[in-house]
Participant: 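Please read through the structure below; I'll follow up with questions.
Side chains are part of it too, since the values below use all heavy atoms of this structure and drop only hydrogens, waters and symmetry mates.
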Amino acid sequence: SETLYRKLHNKLGGRIRYICQTDEWTEMRDLTDFPEPREWVGAFIHFQKRPMPACTARVYVNLKEATRANAFSAILKKIWDLPGVSSAKVAAPGAVKTDTVLVYCDSRETREQIIRIITKYQKRNLRYFGSELPKLVASAGTGIGHGAEPPIIHPERPNSQRFEAGHADG
């Protein structure tokens with residue numbers, strides 16, 4: 001959290017909402033408002049634009065823990081002002097995930113622009129990236145992938161043994 005504060009404090013434009021996602025979502029005033037590290041192992045720290053643009057696409061990044069805060073800070077500063085970026089989140093120390101960073105955006109075009117920026121950063125910093133990605137994520141290179149934002153679906157389950165037709169919002 002100290003590295004994120006040093007690297008990102010007053011460096012991102014616009015109004016930002018900070019959220020710590022553990023078992024529950026806690027909104028923070030700013031980057032100095034993090035809980036004690038032992039309380040957020042495995043958590044995600046969210047950076048959301050306010051107002052938050054619509055999200056239809058995601059970019060997944062696997063950053064190694066030792067360099068995650070520095071690499072995430074550098075990447076976020078490069079992409080934050082793109083009009084289609086709506087939010088980003090980074091896994092806190094101790095997370096055992098293959099998607100340690102997610103960037104949410106409004107279109108395929110924005111997603112491709114984000115991937116180009118991250119790929120360019122990666123060429124100079126390959127050692128910061130893990131090689132794996134979550135299952136069902138389309139690969140865009142070593143430790144970089146993409147996918148669509150899932151629709152909001154409310155399955156109707158009158159019988160807990162099977163799923164039946166549901167409806168989607170939006």
Participant: Please report the C-alpha distance between Val61 and Asp99 in whole Å, then the side-chain angles of each, then the deciding distance to 0.1 Å, and finally whether the side chain to side chain contact (heavy atoms under 4.5 Å, CB included) criterion is met.
Facilitator: CA-CA 6 Å; Val61 183; Asp99 58 343; over 6 Å; no
Participant: In Å, rounded to the nearest 0.5 Å, how long is the span from CG of Asn125 to OG1 of Thr67?
Facilitator: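 Between Asn125 CG and Thr67 OG1, I get 8.5 Å after rounding to 0.5 Å.
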Participant: Flag the pair Val85 / Val103 as yes when at least one side-chain heavy-atom distance between them is below 4.5 Å, and no otherwise.
Facilitator: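 The answer is yes; the side chains approach within 4.5 Å.
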Participant: What distance separates Thr98 OG1 from Leu63 CG, expressed to the nearest 0.5 Å?
Facilitator: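 Rounded to the nearest 0.5 Å, the OG1-CG separation comes to 12.0 Å.
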Participant: Given the rule that I, L, V, M, F, W and Y join up when any side-chain heavy atoms are under 4.5 Å apart, are Val59 and Met52 in one cluster?
Facilitator: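 Shared cluster, no.
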Participant: Give the minimum heavy-atom separation between Arg68 and Ala92, together with the two atoms involved.
Facilitator: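 Between these two residues, the closest heavy atoms are NH1-O, 3.2 Å.
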Participant: What distance separates Gln48 CD from Ile16 CD1, expressed to the nearest 0.5 Å?
Facilitator: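 Spacing of CD (Gln48) from CD1 (Ile16) equals 11.0 Å.
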Participant: Can you find a heavy atom in the side chain of Phe72 that is under 4.5 Å from one in the side chain of Lys77?
Facilitator: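 With C-beta onward as the side chain, the pair stays apart.
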Participant: Any chance you could lay out the side chain to side chain contact (heavy atoms under 4.5 Å, CB included) test for Cys105 and Ile114, step after step, and finish with the verdict?
Facilitator: CA-CA 9 Å; Cys105 57; Ile114 292 166; 3.9 Å; yes
Participant: Quick one: list whatever passes ring-ring contact (aromatic ring centres under 6.0 Å, His included) with His46, sequence neighbours left out.
Facilitator: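 Expected list: Trp25.
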Participant: Hydrophobic clusters here meaning ILVMFWY residues chained together by side-chain heavy-atom distances under 4.5 Å, can you tell me if Ile115 and Leu126 are in one?
Facilitator: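 No, separate clusters.
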Participant: Donor-acceptor check, side chain of Asp106 to backbone of Ala54, threshold 3.5 angstrom: yes or no?
Facilitator: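 Answer holds: no.
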Participant: For the side chain of Lys89 and the backbone of Gln21, is there at least one donor-acceptor N/O pair under 3.5 Å apart?
Facilitator: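 No; judged by distance alone, with no hydrogens or angles, the pair does not exist.
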Participant: Less than 6.0 angstrom from the centroid, inside 45 degrees of the normal: does Lys64 satisfy that with respect to the ring of Tyr128?
Facilitator: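 Pair Lys64/Tyr128 does not count as cation-pi.
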Participant: Give the intermediate values and the outcome of side chain to side chain contact (heavy atoms under 4.5 Å, CB included) for residues Ser107 and Thr110.
Facilitator: CA-CA 5 Å; Ser107 67; Thr110 302; 3.1 Å; yes
Participant: When you compare the side chain of Ile144 with that of Phe129, does any pair of heavy atoms fall below 4.5 Å?
Facilitator: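 Yes, their side chains come closer than 4.5 Å.
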Participant: Mind jotting down which residue pairs meet the salt bridge (charged side-chain N to carboxylate O under 4.0 Å, His left out) criterion with at least one end in residues 51-63? Sequence neighbours excluded, please.
Facilitator: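 Qualifying pairs: Arg58-Glu149.
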Participant: Arg50: what forms a side-chain contact (heavy atoms from CB on, under 4.5 Å) with it, not counting sequence neighbours?
Facilitator: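 With sequence neighbours excluded, Arg50 shows a side-chain contact (heavy atoms from CB on, under 4.5 Å) to Arg15, Arg17, Glu27, given in chain and number order.
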Participant: Which ILVMFWY residues are connected to Tyr104, directly or by a chain of links, through side-chain heavy atoms under 4.5 Å apart?
Facilitator: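 Tyr104 shares its hydrophobic cluster with Tyr60, Leu102, Leu133, Val137.
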Participant: Do you know the tightest heavy-atom contact between Phe47 and Trp80?
Facilitator: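 Closest approach of Phe47 to Trp80, heavy atoms only: O-CH2, 3.6 Å.
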Participant: At what distance, to the nearest 0.5 angstrom, does CG of Asn62 lie from NZ of Lys97?
Facilitator: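 That separation rounds to 11.5 Å.
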Participant: Sequence neighbours left out, what pairs pass side-chain hydrogen bond (donor to acceptor under 3.5 Å, both in side chains) with at least one residue falling in residues 113-123?
Facilitator: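 side-chain hydrogen bond (donor to acceptor under 3.5 Å, both in side chains) check on residues 113-123 returns no pairs.
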Participant: Can you list the residues that meet the side-chain contact (heavy atoms from CB on, under 4.5 Å) rule with Ser131, with sequence neighbours excluded?
Facilitator: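 Partners of Ser131 under the side-chain contact (heavy atoms from CB on, under 4.5 Å) test: Thr142.
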Participant: Quick one, Pro93 and Glu65 - any side-chain contact, counting heavy atoms below 4.5 Å?
Facilitator: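 A side-chain contact under 4.5 Å exists here.
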Participant: Only counting residues at least two apart or in another chain, list the ones meeting side chain to side chain donor-acceptor pair (under 3.5 Å) with Thr100.
Facilitator: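 Listed in chain order: nothing, the list is empty.
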